[in-house]
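Below is one structure, written out as structure tokens; comments come after it.
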Amino acid sequence: MQESYEPRSIERDAQAFWNRAGSFRALEDASRPKYYCLSMFPYPSGKLHMGHVRNYTIGDVLTRYYRMRGRNVLQPMGWDAFGLPAENAAMANSVPPAKWTYDNIAYMKGQLKSLGFALDWEREIATCHPEYYKWNQWLFTRLFNKGLAYKKTGVVNWDPVDQTVLANEQVIDGRGWRTGALVEKREIPMYFLRITSYSEELLAALDAMDGWPEQVKLMQKNWIGRSEGVRFGFPYEMDGGRQILYVFTTRADTIMGVTFCAVAPEHPLALRAAQDNSAVATFISQCRAGGVTEAEIAVQEKQGVATGLSVTHPLSGEQVPVWVGNYVLMGYGDGAVMGVPAHDERDYAFALKYGLPIKCVIRHPAGDGVPAPWRAEYAEHGECIHSGRYDGLDYARATDAIAADLSARGLGGKQLQWRLRDWGISRQRYWGCPIPIIHCAHCGDVPVPDAQLPVVLPEDLVPDGSGNPLAKLASFTDCACPKCARPAKRETDTMDTFVDSSWYFARYCCPDNHRSMLDERAQYWMPVDQYIGGIEHAILHLLYSRFFTRALRDEHLLPGVSEPFANLLTQGMVLAESYYSDAGGRRTWINPADVEVARDSKGRILAAKTRDGMDAVYDGIGTMSKSKNNGVDPQALIEKYGADTARLFIIFASPPTSTLEWSDEGVEGSYRFLKRLWSYCARFDKAAPSVAAGSQKATRFEIHAVLRQANYDLQKHQFNTVASAAMKILNALERSSGGRTAVTEDGLSILLRLLSPITPHVCHHLWRELRFGEDVMRAAWPEPDPDALEQDEIEYVVQFNGKTRGSLRAARSADRDALEALLRASTLAQKHAADKIVKRIVIVPGRLINVVL
RNA sequence: GCCGGAAUGGUGGAACUGGUAGACGCGCCGGACUCAAAAUCCGGUGCCAGUGAUGGCGUGAGGGUUCGAGUCCCUCUUCCGGCACCA
């Protein structure tokens, strides 16, 4: 065989072999256990970045491993092809988003192929193809007819200069990214999907999802946010009628401590108060400034204004002033809260700021009063005090009694409350799936009939930043009402791209079916056995997909399937430093590769400059993203070292679930290993068979022990130590002076199979070259031989008072008495315990002896 | 702010259910080969003291449980992810 390792040619040859053999085509086969392995599909942003390489290598390792374990494997790939970056690129380069997207797909597909991933390309999909998004539209009309899709108003970021809606990402420090104008909140009509009708099920099912990380399930649980509490009303008179201000609380036991109520700025009562009170009107309009994200609202200073109105406490009958508070969210509960400053930190701060009374009604661990400053104990449960007939009751009994009394007055009672909100899917953007609705002046919102689907998105438009170009395109908007045939207008909003990605995993099963969304092949493959993707999708994408799978189930498209992903592996983010420059009044992000950095002795960044000497601002370390221009392109790595080295290096760098701060220092080590493997095999190929020498038993033990550990690590998905294991086996083989023996032959065959999922090209080649077989992919996965793992002697760690002082070899069969006798006779005992009293000897069988003095 | 994570040598990371901390790499130091360099190979490498055998210290910080803690418990710090229109 050839003397030197030449990745370029062997990778080309291996890929050609797989192509010819159709190695990665997946066919339904009821006789074999299936393994549907899916990595989250990429957004075609231009080039792959290291996060992609990591994600797809992890998936590829798993599929190649399970294929060798006898599973019928499906691993497809496609493109999350709609989205904002295409519109931004279109504006920057005057190219239609469609062209930009298709060009990117072509380039990135080439990159994926060059990495040798075992993908079934015949199932490729792109969400921007009408054949795909037709089914988004079709399903939407089903949900619309069922009432699971509906229209209401939602709040968006509004750029008053460009007269357009901005994504949260496009709002920087409260200003529009292009215009610099202060962003306002604005309410507009939009379509929502009723995910909340599945709240209970989405929450309850989490408990049985053993294949998901606890961490992700916990995040989803908190996100869905089921809380048991009391919803009740404060009656008031307004405009000559009796009205009720409803609030929800999980602390009904503190109801006698209410000293004010606060409503959201958008609350009807706030709007009514504003009519007569200019201070309220001014405050409400101030609240319109700023972004819409919960994070922004949560960190802003708590502010409020008195409405001058008051409501009646439902139990005490006292008058309670109503305030408008910028921290009250209209989207949660009734958009109003009761204010109990003594036992809620936020209310406490609010009351101190505005001089509202504070009334302590709970005996908490820190006493009967709530002197400033705020202490966490004030919010703890305790028995009621200063609460009239509820005095002395604990949390549960007070809540029951109060709920009962409210109920008797017809003013409320216990209620379940959810944090989860319905999913607003309307986007005022061009590059997305058109929402299939026709607005008719006579018939209202009419869903597009099946025969007219898909509503095709024209692909030749170029957005200019001033709103959706579809809205200006008469050939798109003008249509006939499907019901009454009179002239009507087509909806121009498009769908949130999360809709596209909420069911793509099912479409991979039958991408060629143009007659229905899903068919019986989805029954065969679904659910996905292993889903792999970034931890950043822990909530939204994964929750929406769980919701959609249930919606599909209930449309009889996926009978019996409720959960889309049986097992979930959340890979850690690949992080990189990011730098920007604000030169010229506009923020431009500079690729880290183009920045030169000065650091202090601890590695902290002192100054950064671009290659052409411009000052750059360090913006911390964070996820690789198109918008921050800090993606590291793997192409240079692949070209210099080959795909196998790139794959090995990213796998070896850290366990899949850890975040990884990108650095390609050390990539040489992976390349060196593959070269070393190659040259070992070349020597092995030439060596004459010989008989095993004496040391061979130890080599065999070592190799099989490493294999045992590697197989265990594979189950844990800890692939970095599997790569280590391969290195250890090669080290053992090289150390073994036995040449070509049964032991080294066995060891090498284990090594090539163990490594083949990670570096498939080189292993494919060596497997054939050394005549182990035709195709390593079809070889059986190696298992350790129990005989090889037998040991006659065990090394015991010896500790005195928990400090390790040495070790002791003992027969495998030695019992406690024998070990103690050995220990007493040892020099270790004489040295460390000579004239001391032994209080106790702790023996961990097979491992350790600890002498307590 | 709220929810979820993470922190181990100069560096990426390893350590089975609480049992020899630093596997396997990178870097660095020394050596071999070479006219020389690259590549390759061999040896060393947590920190401090000591010529040395050895001893002390050591897993973000501070407490605790235990014969024994990187691992379990409490408090804190810093960093990362998410927060519903980035994907």
Side-chain angles (χ1 to χ4, degrees), chain A residues 40 42-43 45 80 83-85 88 154 156-157 165-171 213-216 218-223 225 292-300 302 327 331 346 419-429 496-498 501 534-541 543-544 570 572-573 575 603 620-623 625-627 649 652-655 657-661 663 665-670 672-673 675-676 679 709 712 716 718 720-721 723-728 731 795-807 839-842 844 847-853:
Chain A
M40 290 180 184
Y43 178 78
S45 57
D80 188 11
L84 198 54
N88 298 337
V156 294
N157 301 303
V165 176
L166 297 179
N168 288 335
E169 174 185 71
Q170 296 172 317
V171 179
E214 288 304 321
Q215 157 203 13
V216 174
L218 189 55
M219 280 192 260
Q220 291 215 348
K221 183 180 171 209
N222 292 336
W223 184 263
V292 301
T293 70
E294 191 182 299
E296 231 169 321
I297 292 162
V299 295
Q300 74 189 355
K302 313 281 173 282
Y327 64 96
R346 223 168 25 180
R419 208 186 78 96
L420 182 66
R421 309 197 296 260
D422 277 340
W423 173 14
I425 60 156
S426 294
R427 298 291 179 268
Q428 298 67 42
R429 281 186 240 299
D496 180 1
T497 55
F498 274 127
S501 56
I535 182 67
E536 72 275 20
H537 293 292
I539 296 174
L540 293 179
H541 164 59
L543 191 61
Y544 291 149
T570 45
M573 309 286 304
L575 307 179
I621 193 150
T623 160
S625 71
K626 181 96 180 152
S627 60
F649 180 60
F652 184 58
S654 86
T657 53
S658 305
T659 53
L660 176 61
E661 288 181 25
S663 154
E665 257 179 62
V667 67
E668 291 277 356
S670 294
R672 204 173 294 162
F673 168 71
K675 281 195 290 189
R676 210 147 59 79
S679 67
Q709 182 65 42
Y712 178 74
K716 287 194 298 178
Q718 188 174 291
N720 56 326
T721 50
S724 301
M727 294 174 186
K728 284 180 190 175
N731 289 347
E795 186 172 21
Y796 278 83
V797 171
V798 179
Q799 300 183 333
F800 291 86
N801 282 340
K803 297 203 174 195
T804 302
R805 296 298 180 191
S807 64
K839 286 189 198 147
R840 192 178 151 193
I841 298 181
V842 180
V844 182
R847 297 193 79 97
L848 164 143
I849 304 167
N850 184 17
V851 182
V852 185
L853 299 169

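Order of the sequence lines sets the chain letters (A, B, ...), proteins ahead of strands, with each chain counted from 1.
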Base-pairing string, 5' to 3', of RNA chain B - Watson-Crick or wobble, under 3.5 Å, | interstrand:
(((((((..(((......[....)))((((((.......))))))((((....))))..(((((..]....))))))))))))....
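Separating the P atom of rA14(B) from that of rC24(B) is a span of 14 Å, rounded to the nearest Å. Comparing rA39(B) with rC26(B), their P atoms sit 12 Å apart, to the nearest whole Å. The C1' atoms of rU66(B) and rG82(B) are separated by 38 Å, rounded to the nearest whole Å. Distance noted for atom C1' between rG13(B) and rA6(B): 14 Å (whole Å). Atom C1' of rA69(B) sits at a distance of 13 Å from the matching atom of rA15(B), rounded to the whole Å. Spacing between rC73(B) and rA7(B) at atom P, rounded to whole Å, works out to 14 Å. Nucleotides rG12(B) and rC3(B) have their C1' atoms positioned 30 Å apart, rounded to a whole Å. One C1' atom belongs to rC72(B), the other to rG19(B), and the distance between them is 14 Å to the nearest Å.
Residue N168(A) has its side chain nearest to rC86(B) when only rG81(B), rC86(B), rG19(B) are considered. The side chain of K716(A) lies closest to rA15(B), out of rC79(B), rG1(B), rA15(B). Ranking rG4(B), rG13(B), rG25(B) by closeness to the P655(A) side chain, first place goes to rG13(B). Comparing rC24(B), rC26(B), rG4(B) against the side chain of R672(A) picks out rC26(B) as the nearest. The T497(A) side chain lies nearest to rA87(B) when the options are rG19(B), rA87(B), rG81(B). Of the listed nucleotides (rG13(B), rG4(B), rA39(B)), rG13(B) has the atom at the smallest distance from the side chain of L660(A). In the set rC83(B), rA23(B), rA87(B), the nucleotide with an atom closest to the side chain of K728(A) is rA23(B). Relative to the side chain of L848(A), the nucleotides rC83(B), rC3(B), rG19(B) differ in distance, and rG19(B) lies closest. Side-chain proximity of E294(A) to rC80(B), rG1(B), rC86(B): nearest is rG1(B). Of the candidates rA84(B), rU20(B), rG1(B), the closest approach to any side-chain atom of A298(A) belongs to rG1(B).
As rounded to whole Å, 16 Å separates atom P of rU20(B) from atom CZ of F800(A). D80(A) places its CG atom 11 Å from the C1' atom of rC86(B), with the value rounded to the nearest Å. Computed from coordinates, the N720(A) CG to rC26(B) P distance equals 16 Å when rounded to whole Å. For the pair K803(A) NZ and rC67(B) C1', the interatomic distance rounds to 14 Å; values are reported in whole Å. Straight-line distance from the CE atom of M219(A) to the P atom of rG82(B): 10 Å, rounded to whole Å. Separating the CE atom of M40(A) from the P atom of rG81(B) is a distance of 16 Å, rounded to the nearest angstrom. As a whole-Å value, the separation of E296(A) CD from rC86(B) P is 12 Å. For D496(A) and rC86(B), the CG to P distance is 9 Å, given to the nearest whole Å.
Residue contacts for T623(A): at a heavy-atom cut-off of 4.0 Å it reaches the sugar-phosphate backbone alone, with no base atom in range. Among the protein residues, Y712(A) comes within range of the sugar-phosphate backbone only, with heavy atoms under 4.0 Å from sugar or phosphate atoms but none that close to a base. Looking at heavy-atom distances under 4.0 Å, I621(A) makes contact with sugar-phosphate atoms alone, never a base. Nucleic acid contact for H537(A): base, since at least one base atom lies under 4.0 Å from a heavy atom of the residue. Across all strands, A295(A) comes closer than 4.0 Å to base atoms (heavy-atom distances). Within 4.0 Å (heavy atoms only), Q220(A) reaches no atom of the nucleic acid at all. When heavy atoms are screened at a 4.0 angstrom cut-off, V165(A) is found touching base atoms of the nucleic acid. Contact annotation for Q709(A): no contact, since no heavy-atom pair falls under 4.0 Å across all strands. Looking at heavy-atom distances under 4.0 Å, Q799(A) makes contact with a base. Across all strands, G572(A) comes closer than 4.0 Å to no nucleic acid atom at all (heavy-atom distances). Within 4.0 Å of F652(A), counting heavy atoms only, lies at least one base atom of the nucleic acid. Nucleic acid contact for V797(A): base, since at least one base atom lies under 4.0 Å from a heavy atom of the residue. Within 4.0 Å of K675(A), counting heavy atoms only, lie sugar-phosphate atoms of the nucleic acid but no base atom.
For the pair N850(A) and N801(A), the tightest heavy-atom approach, listed with the atom from each and the gap, is OD1-N, 3.5 Å. Heavy-atom minimum distance, V844(A) versus Y796(A): O-CE2, 3.8 Å. Minimum interatomic distance between T623(A) and L575(A) (heavy atoms only, all atoms of both residues): N-CD2, 3.5 Å. Across all their heavy atoms, M219(A) and A538(A) have their closest contact at CE-CB, 3.8 Å.
Contact annotation: Q300(A) does not reach the phosphate of rC2(B) (side-chain N/O to OP1 or OP2, under 4.0 Å). The shortest distance between the side-chain N/O atoms of S45(A) and the OP1/OP2 oxygens of rC86(B) is not below 4.0 Å. Dashed line: the shortest gap from a side-chain N or O of N731(A) to OP1 or OP2 of rG25(B) is under 4.0 Å. OP1 or OP2 of rC24(B) has not a single side-chain nitrogen or oxygen of R676(A) nearer than 4.0 Å. Taking side-chain N and O atoms only, R805(A) has a distance below 4.0 Å to OP1 or OP2 of rG55(B). Between R840(A) and the phosphate of rC67(B), there is a side-chain N or O to OP1/OP2 separation shorter than 4.0 Å.
Residues V156(A) and V292(A) form no side-chain contact, since every pair of their non-hydrogen atoms from C-beta on lies 4.5 Å or further apart. Between I535(A) and T657(A), the closest side-chain pair of non-hydrogen atoms is not below 4.5 Å. Contact check for N157(A) versus Q170(A): no side-chain heavy atoms found under the 4.5 Å cut-off.
In textbook terms, a nucleotide whose glycosidic angle is within 90° of 0 is syn, and rG9(B) is one such case.
From K302(A), atom NZ reaches atom CZ of R346(A) across 7.0 Å, with rounding to the nearest 0.5 Å.
The aromatic rings of H537(A) and F498(A) sit perpendicular, their planes meeting at an angle over 60°, well past the 30° parallel limit.
For S658(A) and L84(A), each mapped to the nucleotide of RNA chain B holding its nearest heavy atom, the one lying further toward the 5' end belongs to S658(A). Nearer to the 5' terminus of RNA chain B, by closest-nucleotide assignment, is the contact made by I539(A) (compared with the other of I539(A) and W423(A)).
If you check distances only, the side chain of N850(A) does reach the base of rC67(B) with a donor-acceptor pair under 3.5 Å. For rG12(B), its base never sits under 3.5 Å from the side chain of E661(A) at any donor and acceptor pair.
The number of heavy-atom neighbours closer than 6.0 Å to NZ of K716(A), taken from other residues, nucleotides and ligands shown, is above 12.
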